[in-house]
Amino acid sequence: MKLTPGSIAPALVARTILGQSVRIPSDGTPYLHLQFRRFAGCPVCNFHLRTMSLRQPEIAAAGVRQIVFFHSSPEEMLEYQAQLPFDCIADPTKRYYRAYGVETSWRAVLHPGVFWSGLRWVLSTGRFYRKAENGILGLPADFLIDARGRVVACKYGQHADDHWEVDDLLKRVGDAVAPPVSSAQRPGTVG
C-alpha cells in the first residue's frame, strides 16, 4: 500500500551499514528524508547520491536528516555507500520497501534519462557495477517525514532516475510547518 501526504509513516528501528541504530521517526530531527534506491552498484542511484552528498550541509541546515535504503547486502553497500555523509541501510529482503509501498517495474530501466544518468556516473568515476542484488527493476521513492512520523510529502518514482533533486527536497521542507520534536517511540515499529 502506497503512502500519501498526511499518512503516518511505518515506524522502524534499523542498523546502518556502519552499525549505528536508526529510528524512524527520528529522535531530535525536525525532518527525515527517506530515499529508497535500487541495488548498491546502481550507477543512476550513485550519481544521484553524489549530488545529494555535495549539498548535504545545505540539507542538514534545513533540519533534514537523510536515510537511504538499498535492496542490497551490507557487504555490497560498503563498497559503494560507506563514504556517504548520511545513513545508509541494507534491506536485501525488501522488508522496509514493502512497508513503504516501494515497488519494482520494467519501466525502471526503459526511460532514456536512466541511460544518461548512469553513463554520467560511469564516466565520472570509471566504475561499473559487477552485480545487481535483487535485480535492476527497482523503482526509487522519496519520503519527507516530520518528527511526529507524519508523511509531509512523498514521491514514488516511475523509473530509475525519477526522484527528488536537492532543490525539490528543500522546497518541500520550506513549504512544510515543522511540528515539535518528540523522542517518544510510537507503537508498531518494524525492526
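The residues of the chain are indexed from 1 along the displayed sequence. Treat the numbers as computed from the prediction; the structure is a model and nothing was measured.
Across all their heavy atoms, His48 and Trp164 have their closest contact at CE1-O, 2.9 Å. Looking at every heavy atom in both residues, Ala147 comes nearest to Pro25 through O-CB, 3.7 Å. Nearest heavy atom pair, residue Val102 against residue Leu139, reads CG1-O, 3.3 Å. Closest approach of Phe86 and Gln56 over heavy atoms only: CD2-OE1, 3.4 Å. When all heavy atoms of Ala90 and Ser72 are compared, the pair lying nearest together is CB-O, 3.2 Å. In plain terms, the two heavy atoms of Leu3 and Ile8 that are nearest each other are CD2-O, 4.4 Å.
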Quiz: residues 169-177 side-chain donor-acceptor pairs under 3.5 angstrom, not counting sequence neighbours:
from	atom 1	to	atom 2	distance (Å)
Lys171	NZ	Asp175	OD2	2.8
Arg172	NH1	Asp168	O	3.1

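Here His159 contributes atom NE2 and Leu137 contributes atom CG; the two are 14.5 Å apart, rounded to the nearest 0.5 Å. Expressed to the nearest 0.5 Å, how far SG of Cys154 lies from CD1 of Ile145 amounts to 9.0 Å. Distance check, rounded to the nearest 0.5 Å: CD of Gln83 to CZ of Arg50 gives 9.5 Å. Atom CG of Leu12 and atom CD1 of Ile67 lie 7.5 Å apart (nearest 0.5 Å). Rounded to the nearest 0.5 angstrom, Cys45 SG and Tyr80 OH are separated by 11.5 Å.
In this structure, the side chains of Phe70 and Arg38 stay at 4.5 Å or more apart for every pair of heavy atoms. Side-chain contact between Ile17 and Glu75: absent, with no pair of heavy atoms (C-beta onward) separated by less than 4.5 Å.
For Lys155, the side-chain hydrogen bond (donor to acceptor under 3.5 Å, both in side chains) partners two or more places apart in sequence, or in a different chain, are Asp162.
Counting only distance, with no hydrogens or angles, the side chain of Arg98 and the backbone of Thr93 share a donor-acceptor pair below 3.5 Å. Looking at Arg150, its side chain does come within 3.5 Å of a backbone N or O of Gly6 through a donor-acceptor pair. In this structure, the side chain of Tyr97 does not engage the main chain of Phe36 through any donor-acceptor pair within 3.5 Å. In this structure, the side chain of Thr16 engages the main chain of Gln20 through a donor-acceptor pair within 3.5 Å. Judged purely by atom type and a 3.5 angstrom limit, Ser7 has no side-chain atom pairing as donor or acceptor with the backbone of Ala9. Remark: side-chain polar atoms of Asp91 are not paired, donor with acceptor, to backbone N or O of Phe69 under 3.5 angstrom. In this structure a side-chain-to-backbone donor-acceptor pair under 3.5 Å is present from Asn46 to Ala40.
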Original post:
What's the verdict on side-chain contact (heavy atoms from CB on, under 4.5 Å) for Ile89 and Val68, showing C-alpha distance, side-chain angles and the deciding distance?
Top reply: CA-CA 6 Å; Ile89 298 172; Val68 183; over 6 Å; no
Subject >> Derivation of the side-chain contact (heavy atoms from CB on, under 4.5 Å) call for Val151 and Leu144 >> reply: CA-CA 6 Å; Val151 176; Leu144 182 62; over 6 Å; no
**OP:** Let me see the working for Met52 and Glu165 under side-chain contact (heavy atoms from CB on, under 4.5 Å), right down to the final yes or no.
**Re:** CA-CA 8 Å; Met52 284 279 184; Glu165 299 296 340; 5.9 Å; no
Subject >> Chi angles and distances behind the side-chain contact (heavy atoms from CB on, under 4.5 Å) call for Tyr31, Val152 >> reply: CA-CA 9 Å; Tyr31 296 105; Val152 175; 4.1 Å; yes
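A side-chain donor from one of His163 and Arg37 sits under 3.5 Å from a side-chain acceptor of the other.
Exactly one of Gln81, Arg65, Gln66 qualifies for a side chain to side chain donor-acceptor pair (under 3.5 Å) with Asp87. That residue is Arg65.
Ring pair His33/Phe143: centre-to-centre distance not below 6.0 Å.
Placement of Val64 and Leu54 in two distinct hydrophobic clusters is found when ILVMFWY residues are connected by side-chain heavy-atom separations under 4.5 Å, directly or transitively.
Legend: salt bridge (Lys or Arg N to Asp or Glu O under 4.0 Å) pairs involving residues 8-22, not counting sequence neighbours: none detected.
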